[in-house]
Q: 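A single structure is presented below for examination.
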Amino acid sequence: MAEIQKNDQELRREEELKLIEEAGINPYPYSFDKNISAKEILEKFTDETKDELNNCQVAGRIMSIRKMGKASFFNILDESGRIQVYIRKDDIPEGKYDIFKLLDIGDIIGVNGYAFRTKTGEISLHCTDFELLCKSLKPLPIAKEEIDENGNKIVYDAFADKELRYRRRYIDLIVNSDIRKTFRKRSEIIKYIRNYFDAKGWMEVETPTLQPMYGGASARPFMTHHNALNIPLYMRIALELYLKRLIVGGFEGVYEIGRNFRNEGMDRNHNPEFTMLEIYVAYKDYNWMMDMTEDLVRNLSKDIIGKAEIEIDGKIINLEQPFKRAKMFDLYKEYTGKDLKGKSLEELLKIADELKVEIPKGASISKVLDEIFGAKIEPHLIQPTFVIDYPIEMSPLAKMHRSEKGIVERFELFVNGSELANAFSELNDARDQRNRLEEQAKCRAEGDDEAMIVDEDFLYSLEVGMPPTAGMGMGIDRLVMLLLGEKSIRDVLLFPLMRPEKI
RNA sequence: GAUCUCGUAGCUCAGGCGGUAGAGCAUUUGACUUUUAAUCAAAGGGUCGUUGGUUCGAGUCCAACCGGGAUCACCA
């Protein structure tokens with residue numbers, strides 16, 4: 001796929017570049033005094049105000065050219081959108097039209113001109129002069145566009161190859177420029193979360209990405225090596241344990257929005273690196289965190305998307321109505337008709353078999369419960385639902401339930417059948433935490449390579465003492481997918497991981 | 001990792017039961033000073049993902065491999 005040999009279109013562009021330089025023009029100048037955007041011209045133009053638009057200086061990439069002898073129309077695309085430019089041999093400096101003829105689709109130019117309305121009514125720019133700002137040497141996979149009578153955009157021969165769109169996102173952003181909106185929205189969503197937390201006085205922090213010991217979640221890590229210390233290092237799989245150390249240190253509200261790395265499979269819900277939000281607030285519990293999470297998600301949708309109803313996959317997700325709250329074991333009863341509470345491993349395996357849920361060999365109680373949940377309950381959780389009060393085996397970092405035995409104070413928020421957030425009343429009894437991590441270590445020794453490791457320094461911090469704390473984690477990529485109605489994580493990541501191209 | 005499916009010109013695609021490669025756009029040349037998928041006339045552009053196999057003959061049938069997508073498994 002790597003073009004070592006140049007094709008005829010590339011050779012031609014190089015020829016044109018030479019001709020431009022021979023005419024004494026620098027095809028790569030240093031700046032351009034842009035004073036208005038394409039969108040601003042289209043918005044400001046009326047028959048009364050057009051005189052104010054007599055000296056526009058716009059810059060952008062040429063996306064189409066229609067030549068008619070000694071005059072031409074072309075469209076340029078800037079960050080704000082497209083505008084049509086009309087250029088006439090007689091209305092630009094002597095000899096400049098010959099330079100214009102050397103320009104191609106993909107070149108970046110600056111245009112001086114005045115706004116006007118064409119015979120057919122399109123607001124356009126009448127060029128009085130232009131400057132080449134960058135000669136493009138590769139042809140763009142150009143698509144043609146048309147607006148039909150109903151104002152719908154019809155795209156002909158669209159650049160649709162998913163592989164190339166992900167591999168060369170910069171081309172995707174030019175040619176399918178509507179997707180720029182997705183990434184702008186993503187940025188707005190993250191900014192909104194920051195503002196929301198900052199307004200409450202919680203502090204954004206940065207904790208290590210490279211860690212001598214990984215923890216805070218059940219997943220396989222990426223491993224690397226530090227030469228100077230000659231030690232193995234791991235890419236973090238969660239933010240949790242370092243943020244809790246900061247609560248121990250006396251900060252009462254901390255959050256981090258950062259990259260986690262998990263050495264697992266990839267599909268439309270998973271990328272090896274993904275963005276996680278985690279927040280910890282001292283002196284609060286999971287009930288409080290549930291209210292906060294609900295408020296955040298609802299307001300995000302209202303303020304960023306403009307409504308609290310989201311259409312995805314033909315389903316309407318309603319974020320306005322109060323989110324359903326259901327105990328995990330009640331959901332088992334509701335969807336399988338069986339009471340799984342307090343059952344032994346043997347009993348659970350039997351139930352799984354009756355429900356026709358396949359369980360991998362050597363599964364623990366937690367694993368069996370998780371499998372049944374994933375197969376029988378998750379797909380039904382389309383409308384926002386807090387699943388609360390998990391069995392202790394599934395949650396090694398959550399605090400015992402204040403009134404129910406064998407249960408921890410934990411919730412997960414499910415929307416559209418997938419997990420969006422996970423939160424606990426954080427376990428701060430150091431003795432209990434040590435027991436649970438040692439239990440994990442046992443599972444690990446028995447071959448579960450996703451079980452957690454005993455982090456002695458983390459335990460030391462709990463022994464020093466952490467106040468009662470509520471903590472919550474939320475997958476930002478999935479949040480963005482939900483709010484924007486995207487079905488693949490790759491469509492909300494600018495540069496999703498791809499297998500390297502073979503040359 | 002498993003299954004299904006796709007890979008033909010720069011882009012989007014068509015190629016019946018196996019007979020030697022097609023269209024539109026893009027590109028080049030010519031015409032055209034308000035077009036908008038501009039138009040009109042002509043031209044160039046392909047090791048049909050790769051490697052093998054069957055066959056007189058393979059884009060087409062078979063196998064393996066490479067790459068993508070979808071579904072599943074693991075995970076968020």
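Note on naming: letters A, B, ... go to the chains in the order of the sequence lines (proteins, then strands), and numbering restarts at 1 for each one.
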Q: Under 4.0 Å, counting only non-hydrogen atoms across every strand here, what does A160(A) touch: a base, just sugar-phosphate, or nothing?
A: sugar-phosphate
Q: Mind listing the side-chain donor-acceptor pairs of residues 81-91 of chain A below 3.5 Å, one per line with the distance, residues two or more places apart or on another chain?
A:
{"residue": "Q84(A)", "atom": "OE1", "partner": "R66(A)", "partner atom": "NH2", "Å": "2.7"}
{"residue": "Q84(A)", "atom": "NE2", "partner": "S124(A)", "partner atom": "OG", "Å": "3.0"}
{"residue": "R88(A)", "atom": "NE", "partner": "D91(A)", "partner atom": "OD2", "Å": "3.0"}
{"residue": "D91(A)", "atom": "OD2", "partner": "H126(A)", "partner atom": "NE2", "Å": "2.8"}

Q: Salt bridge between E14(A) and K18(A), side-chain N to carboxylate O under 4.0 Å?
A: no
Q: Got a salt bridge between R13(A) and E10(A), using NZ or NE/NH1/NH2 to carboxylate O under 4.0 Å?
A: no
Q: Which heavy atom in I36(A) sits nearest to a heavy atom in V58(A), and how many Å separate them?
A: CG2-CG2, 3.8 Å
Q: Using a cut-off of 4.0 Å on non-hydrogen atoms, how would the nucleic acid contact of S418(A) be classed: base, sugar-phosphate, or nothing?
A: nothing
Q: If the glycosidic angle sits within 90 degrees of zero it is syn, else anti. Tell me which applies to G10(B).
A: anti
Q: Around atom NZ of K96(A), are there more than 12 heavy atoms of other residues, nucleotides or ligands at under 6.0 Å?
A: yes
Q: Identify whether any heavy atom of E371(A) sits under 4.0 Å from a base atom; if not, whether one sits that close to sugar-phosphate; answer base, sugar-phosphate or nothing.
A: sugar-phosphate
Q: Starting at CZ of F373(A) and ending at P of C74(B), how long is that distance when rounded to a whole Å?
A: 15 Å
Q: Under 4.0 Å, heavy atoms only, any strand: does G475(A) hit a base, just the sugar-phosphate, or nothing?
A: nothing
Q: Write down the distance separating the P atoms in A26(B) and G1(B), rounded off to the nearest Å.
A: 43 Å
Q: Starting at atom CD of E163(A), determine the distance to atom C1' of A70(B), rounded to an integer number of angstrom.
A: 15 Å
Q: For the pair made of CG in N269(A) and C1' in C74(B), what is the distance, rounded to whole Å?
A: 13 Å
Q: How many whole angstroms separate atom CD1 of I83(A) from atom P of U35(B)?
A: 18 Å
Q: Would you indicate what A158(A) reaches in the nucleic acid, counting non-hydrogen atoms under 4.0 angstrom: base, sugar-phosphate, or nothing?
A: sugar-phosphate
Q: Would you classify F116(A) as touching base, sugar-phosphate or nothing, given that sugar-phosphate means primed atoms plus P, OP1 and OP2, and contacts are heavy atoms under 4.0 Å?
A: base
Q: Tell me what N271(A) touches on the nucleic acid: a base, only sugar-phosphate, or nothing, going by heavy atoms under 4.0 Å.
A: base
Q: Need one value for E145(A): base, sugar-phosphate or nothing, where a base atom within 4.0 Å counts as base even if backbone is also close, heavy atoms only.
A: sugar-phosphate
Q: Considering every strand and a 4.0 Å limit on heavy-atom distances, what is the contact class for N260(A): base, sugar-phosphate, or nothing?
A: nothing
Q: With C1' as the reference atom in both, quote the distance from A76(B) to U3(B) in angstrom, rounded to an integer.
A: 25 Å
Q: Report yes or no: is the cationic atom of R410(A) (NZ for Lys, CZ for Arg) closer than 6.0 Å to the six-membered ring centre of F424(A), at no more than 45° off its axis?
A: no
Q: Over all strands shown, is N75(A) touching base, sugar-phosphate only, or nothing at heavy-atom distances under 4.0 angstrom?
A: nothing
Q: Going by side-chain contact (heavy atoms from CB on, under 4.5 Å), M481(A) matches just one of T182(A), L420(A), I312(A), I489(A). Which one?
A: I489(A)
Q: Where are the stems of RNA chain B, defined as at least 3 consecutive Watson-Crick or wobble G-U pairs with both distances under 3.5 Å?
A: B:1-7 with B:66-72, B:10-13 with B:22-25, B:27-31 with B:39-43, B:49-53 with B:61-65
Q: Check R165(A) against N176(A) and note the closest heavy-atom contact, atom names and distance.
A: NE-ND2, 3.4 Å
Q: Which value, in whole Å, describes the distance between the C1' atoms of nucleotides G52(B) and A41(B)?
A: 47 Å
Q: Measure CE/M266(A) against P/U71(B) and give the value in whole Å, please.
A: 14 Å
Q: One character per nucleotide, please: for nucleotides 24-33 of chain B, 5' to 3', B when the base has a protein heavy atom closer than 4.0 Å, S when only the sugar-phosphate does, - otherwise.
A: BSBSS---BB
Q: Determine: side-chain N/O of R268(A) to OP1/OP2 of U71(B), distance under 4.0 Å, yes or no.
A: yes
Q: Just call it for K367(A): base, sugar-phosphate, or nothing, with non-hydrogen atoms closer than 4.0 Å on any strand.
A: sugar-phosphate
Q: From CG of L125(A) over to P of U35(B), roughly how many Å is that when rounded to an integer?
A: 18 Å
Q: Have a look at C17(B) and give me syn or anti from its glycosidic angle (syn if within 90° of zero).
A: syn
Q: Is E354(A) atom CD crowded by more than 12 heavy atoms from other residues, nucleotides or ligands, each under 6.0 Å away?
A: yes
